[in-house]
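Everything below concerns the one structure shown next.
The basis for the numbers below is simple: all heavy atoms, side chains too, and nothing from hydrogens, waters or symmetry mates. It should be emphasised that the depicted structure is a prediction, and the values quoted were computed from it without experimental measurement. So you know, we letter chains A, B, ... as the sequences are listed, proteins then strands, and number each from 1.
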Protein chains: 2
Amino acid sequence: MEKKAAKSSARAPRRTRGLSRELIIQTAIEILDGGGEKALTLRALTERLSTGYGAIYHHVADKGDLLATATDSVITGVVSGPGADADPRAALRRLALGLFDAVDAHPWIGTELSRQPWRPVLLDFYERIGRLLEALDVPQEARFDAAGTLVNYVLGVAAQNAAHARLRAGSTTDRETFLANAATQWAQLAPRRYPIVHAAASQLGEHDDRAQFLVGVDIFLAGISALHRQTSPEVLE
Amino acid sequence: MEKKAAKSSARAPRRTRGLSRELIIQTAIEILDGGGEKALTLRALTERLSTGYGAIYHHVADKGDLLATATDSVITGVVSGPGADADPRAALRRLALGLFDAVDAHPWIGTELSRQPWRPVLLDFYERIGRLLEALDVPQEARFDAAGTLVNYVLGVAAQNAAHARLRAGSTTDRETFLANAATQWAQLAPRRYPIVHAAASQLGEHDDRAQFLVGVDIFLAGISALHRQTSPEVLE
DNA sequence: ACCTGAACACCGTTCAAGT
DNA sequence: ACCTGAACACCGTTCAAGT
């Protein structure tokens, strides 16, 4: 209640009258990065831009539009990222990792991508994956399903990362103690009923989300090659 | 708006005074199944149960607790589903498919599972997957990552299904016309820029979510065998 | 054309008061 | 112990009124 009075005298908004859709979206991204999805309210946005609601709704349809466009803005940089690798496998890993890192830097896009998985930006993503699968000689009929599988996996990880970020933002505990808590909690599970999870608890300490994500990508890549190999009957063992 | 007046006279609530946590959660599930996540408001719940807010908050911590417990209630039936198959692969497919079908029947759990992927019910899920991977001779070190990969994939699909259901609930168009619209939209994309997606448009008509999901599971299973077969990882970067 | 901000129609949640 | 429902503190969104 008292925080807005202080800022109006402290640093006057230089922007004289130039409100634009681009400025609104960039400001929304700043708020989202700073305080998470919960922090982006129309009220916070009007204060930050020192304007009224109508001004925002004049450039943006509604909050959904705002969230979607902000996500597009972040993702675009990833999809149109570095050029083609020599090895399609390496390119696929790089592409997936680019999205992973983007979600890691802006966890809120994980939620948004899961909410609207048919956005045009993801079409670009599909397209690039499809081409790389083509380069890997995945037959045309299987390409669509294979690309979808990989996208679903990436989006699943993205949503989980967003959930973890949300959880960590809620409590004051940092990442290390959070993992430690989970580990002790898992270790306390009945070993008879949860032998696997119980055994995994010890690994949780040195757990690396990014590395695990890459392992998953490699599993799918290996599976896709196997799938493609099946078309011509060829026994391997 | 007019539907609540009819029912109060049609069938009087037999429950004289027996409000319980279980009844609240089951009623919440009914509302969620009937009208989606948007339909579950505390107000709707009090009306349906013909009670006050305090009564509900006496049995349930908050709305998050309600949503989480409702999801648990639905998932529990899936995880403790049919017994062990002879073939671990078949068992894994069955387990994954069980979750897929549960999300298909109750799309709102897809959102909730993505929001809270560390729920105890998912630990049971992890445990069963881990044991089946063990049966498939996946080495102990790789088991944790492999199980995580599969869960992430399944959750990714779950979130997407929930998103699609939400989209379909919003508009009046049914599934067929929705797919047809998407197909024509994809077909209109510039073939030069989107050759893969453009080509995939024709396949969209006969698209089967459930079948595609299973293809993904099979890709994963094939990848697991390949992973397990190669003891030394390949060099990259 | 672009902006302002009071007002509206909702939320989830609380809490003094009842039985 | 269990329930009631007015009231509170928020939301996103609208819209008559200003420039």
Quiz item: Which residues pass the side-chain contact (heavy atoms from CB on, under 4.5 Å) test with B:His59, sequence neighbours left out?
Solution: B:Leu19, B:Arg21, B:Ile24

Quiz prompt | DNA chain D contacts among residues 30-38 of chain B, heavy-atom distance under 4.0 Å | solution = none

Quiz item: Rounded to whole angstroms, how far apart are CD on A:Glu47 and P on D:dG12?
Solution: 12 Å

Validation: residues 118-126 of chain B side-chain donor-acceptor distances under 3.5 Å, sequence neighbours left out:
{"from": "B:Arg119", "atom 1": "NE", "to": "B:Gln116", "atom 2": "OE1", "distance (Å)": "3.4"}
{"from": "B:Arg119", "atom 1": "NH1", "to": "B:Asp72", "atom 2": "OD2", "distance (Å)": "2.5"}
{"from": "B:Asp124", "atom 1": "OD1", "to": "A:Tyr194", "atom 2": "OH", "distance (Å)": "2.5"}

Self-check item: Whole-Å gap separating C1' (D:dA7) and CG (B:Leu42)
Solution: 15 Å

Quiz prompt | Ion pair check, B:Arg43 and B:Glu47, cut-off under 4.0 Å | solution = no

Protein-nucleotides 16-19 of chain C N/O pairs under 3.5 Å:
none

Quiz item: Do side-chain atoms of A:Ser73 reach the backbone of A:Thr69 as a donor and acceptor pair under 3.5 angstrom?
Solution: no

Practice problem: Report the residues that fulfil side-chain contact (heavy atoms from CB on, under 4.5 Å) with B:Ala199, sequence neighbours left out, ordered by chain and then residue number. | Solution: A:Gln140

Self-check item: Euclidean distance, B:Leu150 CG relative to A:Ile219 CD1, rounded to 0.5 Å
Solution: 9.0 Å

Quiz item: In whole angstroms, how far is the P atom of D:dC2 from the CZ atom of B:Arg21?
Solution: 14 Å

Quiz item: Going by the angle between their ring planes, with limits at 30° and 60°, are A:Phe100 and A:Phe213 parallel, tilted or perpendicular?
Solution: parallel

Quiz item: Testing B:Asp104, B:Ile109, B:Val78 for side chain to side chain contact (heavy atoms under 4.5 Å, CB included) with B:Leu99, which one passes?
Solution: B:Val78

Quiz prompt | Separation of atom CG in A:Leu45 from atom P in D:dT13, rounded to whole Å | solution = 12 Å

Quiz prompt | B:Leu19 CG to D:dT4 C1', straight-line distance once rounded to whole Å | solution = 12 Å

Quiz item: Is there any ring-ring contact (aromatic ring centres under 6.0 Å, His included) pair reaching into residues 29-49 of chain A, and which pairs are they, with sequence neighbours excluded?
Solution: none

Quiz item: Could you state the interatomic distance from CD (A:Gln26) to CD1 (A:Ile31), rounded to the nearest 0.5 Å?
Solution: 12.0 Å

Practice problem: For DNA chain D, list all stems, counting runs of three or more consecutive pairs where every pair is Watson-Crick or G-U wobble with both distances under 3.5 Å. | Solution: C:4-8 with D:12-16, C:12-16 with D:4-8

Quiz item: Are B:Asp65 and B:Asp62 side-chain neighbours, meaning at least one heavy-atom pair lies under 4.5 Å?
Solution: yes

Practice problem: Would you mind listing every salt bridge (Lys or Arg N to Asp or Glu O under 4.0 Å) that reaches into residues 50-61 of chain A, with sequence neighbours excluded? | Solution: none

Listing, residues 155-166 of chain A side-chain donor-acceptor contacts under 3.5 Å, not counting sequence neighbours, or none:
{"from": "A:Gln160", "atom 1": "NE2", "to": "B:Asn152", "atom 2": "OD1", "distance (Å)": "2.6"}
{"from": "A:His164", "atom 1": "ND1", "to": "A:Gln160", "atom 2": "O", "distance (Å)": "3.1"}
{"from": "A:Arg166", "atom 1": "NH1", "to": "A:Glu37", "atom 2": "OE2", "distance (Å)": "3.2"}
{"from": "A:Arg166", "atom 1": "NH1", "to": "A:Thr111", "atom 2": "OG1", "distance (Å)": "3.2"}

Self-check item: Residues from residues 109-117 of chain A lying under 4.0 Å of DNA chain D - heavy atoms
Solution: none

Quiz item: Which listed nucleotide (C:dT13, D:dT13, C:dC11) is nearest to the side chain of B:Thr41?
Solution: C:dC11

Practice problem: May I have the step-by-step check of side-chain contact (heavy atoms from CB on, under 4.5 Å) for A:Leu214 and A:Leu97, ending in yes or no? | Solution: CA-CA 7 Å; A:Leu214 262 189; A:Leu97 213 50; 3.9 Å; yes

Quiz item: Taking the six-membered ring where the residue is Trp, are the ring centres of A:Tyr153 and B:Phe220 under 6.0 Å apart?
Solution: no

Quiz item: Is there a residue in residues 52-69 of chain A whose heavy atoms reach under 4.0 Å of DNA chain D, and which residues are they?
Solution: A:Tyr53, A:Gly54, A:Tyr57, A:Asp62, A:Lys63

Quiz item: Does anything in residues 107-118 of chain A pair up under salt bridge (Lys or Arg N to Asp or Glu O under 4.0 Å), and if so which pairs, sequence neighbours excluded?
Solution: A:Glu112-A:Arg115

